[in-house]
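See below for the structure under consideration.
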Amino acid sequence: AAITYELIKTCKQTGARLGRVHTPHGSFDTPTFMPVGTQATVKTMSPEEVKEMGAGIILSNTYHLFLRPGHELIKEAGGLHKFMNWDRAILTDSGGFQVFSLSELRKITEEGVHFRSHLNGDKLFIGPEKAMEIQNALGPDIMMAFDECPPWPADEAYVKQSTERTSRWAERCLKAHARPDDQGLFAIVQGGMYPEYRKQSAADLTSMDFPGYAIGGLSVGEPKHLMYEMLEVTTPLLPTNKPRYLMGVGSPDALIEGSMRGVDMFDCVLPTRIARNGTTMTSRGRLVIRNAAFERDFGPLDPACSCYTCRNYSRAYLRHLIKADETFGIRLTTYHNLYFLIDLMRQVRQAIAEDRLGDFKEEFFDRYGLN
Ligand SMILES: CC#C[C@H]1NC(N)=Nc2cc3[nH]c(NC)nc3cc21
Ligand SMILES: [Zn+2]
């Protein structure tokens with residue numbers, strides 16, 4: 001099989017797991033944070049820098065690459081790994097969520113979704129088979145099934161209908177899966193904020209035996225306690241010998257809380273997105289580098305961080321670059337933010353190994369200002 005999961009141990013203090021995921025482009029330890037490279041680049045970072053900070057897998061997007069430059073072009077280039085010069089693992093999202101969050105939605109049918117390109121208004125269509133064709137051409141190690149993404153909030157009847165459709169679409173994705181030995185296909189559990197539909201979705205999808213399962217429909221604007229409640233309903237229904245991937249999460253607290261509830265993989269645009277306006281995550285909480293307080297602060301961004309940015313530049317210099325709109329400033333804050341989350345997950349794995357993730361959470365929350 002293209003993707004296998006090795007469960008190393010379960011934390012005695014929480015429901016967290018220590019594991020390893022093996023892919024055709026190398027293995028990575030879990031729980032893990034996946035940097036997002038939506039348009040075939042982790043914004044402003046070189047592949048060497050993403051490797052240096054310790055990322056074993058990055059995420060890219062079917063929707064964006066289908067619209068531009070096109071999946072056939074990338075296939076001609078030798079696939080996404082070759083195109084972007086990244087030789088470790090890649091996971092691509094299937095486009096369902098991006099169609100709903102980016103394009104002027106036209107129509108959802110049993111066949112798939114008809115929509116207009118958010119770039120030039122072209123009338124386009126993606127359904128399960130098309131999403132599999134695109135991901136087959138891009139060549140990621142992990143592909144996501146094409147799901148119907150209900151907005152939040154959505155009424156119960158709508159969630160029921162779309163969850164059942166997502167199960168039917170998952171089956172169609174399995175049938176359209178051309179290269180199961182080279183690419184793993186993860187199903188996406190839906191069900192909104194309704195435990196009964198979460199259970200139904202998990203039952204439908206685990207009966208089809210996928211190499212991994214994503215939990216979708218969360219981090220869509222709901223309160224965090226609701227996200228955690230849905231995790232508590234869903235992860236116990238997923239097989240223990242397969243990876244669980246919580247889509248679109250997240251912030252440092254959510255990464256720790258999600259790990260405690262048995263999630264193995266996370267992705268989020270937060271670290272790269274907030275870096276662009278100079279907002280950074282540090283061991284002592286968020287730090288907005290534009291703040292006048294840092295004008296003459298010649299110390300490191302985060303004294304507790306050993307990343308390239310924190311070892312070589314001061315807060316005063318970073319503040320100057322961001323205020324001067326210098327691209328190098330965004331590169332330095334991006335590097336640090338990504339490193340911060342990747343290193344956080346390293347500490348989470350260490351805590352699981354020592355059966356003290358609950359204690360680590362309290363220590364981290366105290367320092368970060370979350371308690
Ligand atoms: C409804 C639904 C759903 C999920 N389906 C797919 N394919 N991708 C996702 C990406 C996400 N990003 C965030 N938050 C930033 N939530 C997400 C949820 C999904
Ligand atoms: Zn740093």
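Start at 1 and go down the list; that is how both ligands and their atoms are numbered.
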Contact region, Q190 to ligand 1, non-hydrogen atoms below 4.0 Å, reads side chain
Taking the Zn ion (ligand 2) as the apex, C310 SG and C307 SG span an angle, rounded to 10°, of 110°
Exercise. In sequence, state the C-alpha distance, the side-chain angles, and the governing distance for F33 and F340, and then conclude on ring pair (Phe, Tyr, Trp, His ring centres under 6.0 Å).
Key: CA-CA 10 Å; F33 172 76; F340 182 83; over 10 Å; no
Report task. Check whether any side-chain N or O of Q183 sits under 3.5 Å from a backbone N or O of P140 as a donor-acceptor pair, and report yes or no. Result -> yes
Looking at H336, the N, O or S atom sitting nearest the Zn ion (ligand 2) is ND1
- Item | Residues D253 and K361 bridged, charged N to O under 4.0 Å | no
Checking E148 side chain against R165 main chain: does a donor-acceptor pair fall under 3.5 Å? no
So for S94 against ligand 1, with non-hydrogen atoms under 4.0 Å, the contacting part is side chain
Discussion item. If the contact criterion is a heavy-atom separation under 4.0 Å, does M247 count as touching ligand 1?
Written reply: yes
Quick look: L218 vs ligand 1, heavy-atom contacts under 4.0 Å, and the answer is backbone
Result for side chain to side chain contact (heavy atoms under 4.5 Å, CB included) between T30 and one of I57, V21, V348 points to V21
**Prompt:** Got a donor-acceptor contact below 3.5 angstrom from the R116 side chain to the G121 backbone?
**Reply:** yes
### Ring geometry between Y213 and F210 (parallel below 30°, tilted from 30 to 60°, perpendicular above 60°)
perpendicular
Closest to atom 8 (N) of ligand 1 among protein heavy atoms sits D93 OD2, 2.7 Å
NZ/NE/NH1/NH2 to OD/OE distance under 4.0 Å, K51 and D87 | yes
the protein heavy atom lying closest to atom 3 (C) of ligand 1 turns out to be G217 N, 3.2 Å
for atom 14 (N) of ligand 1, nearest protein heavy atom and its distance come out as S219 O, 2.8 Å
When distances are taken from atom 17 (C) of ligand 1, the protein heavy atom at minimum range is F97 CE1, 3.6 Å
Fill in: Contact check: E148 vs ligand 1, nitrogen or oxygen atoms, below 3.5 angstrom
no
- Query: Do any N or O atoms from the side chain of T166 and from the backbone of S162 form a donor-acceptor pair under 3.5 angstrom?
  - Reply: yes
Does ligand 1 come near enough to C149 that some N or O of the ligand is less than 3.5 Å from an N or O of the residue? no
Judged by heavy atoms only, the candidate from V189, D147, T166 nearest atom 6 (C) of ligand 1 is D147
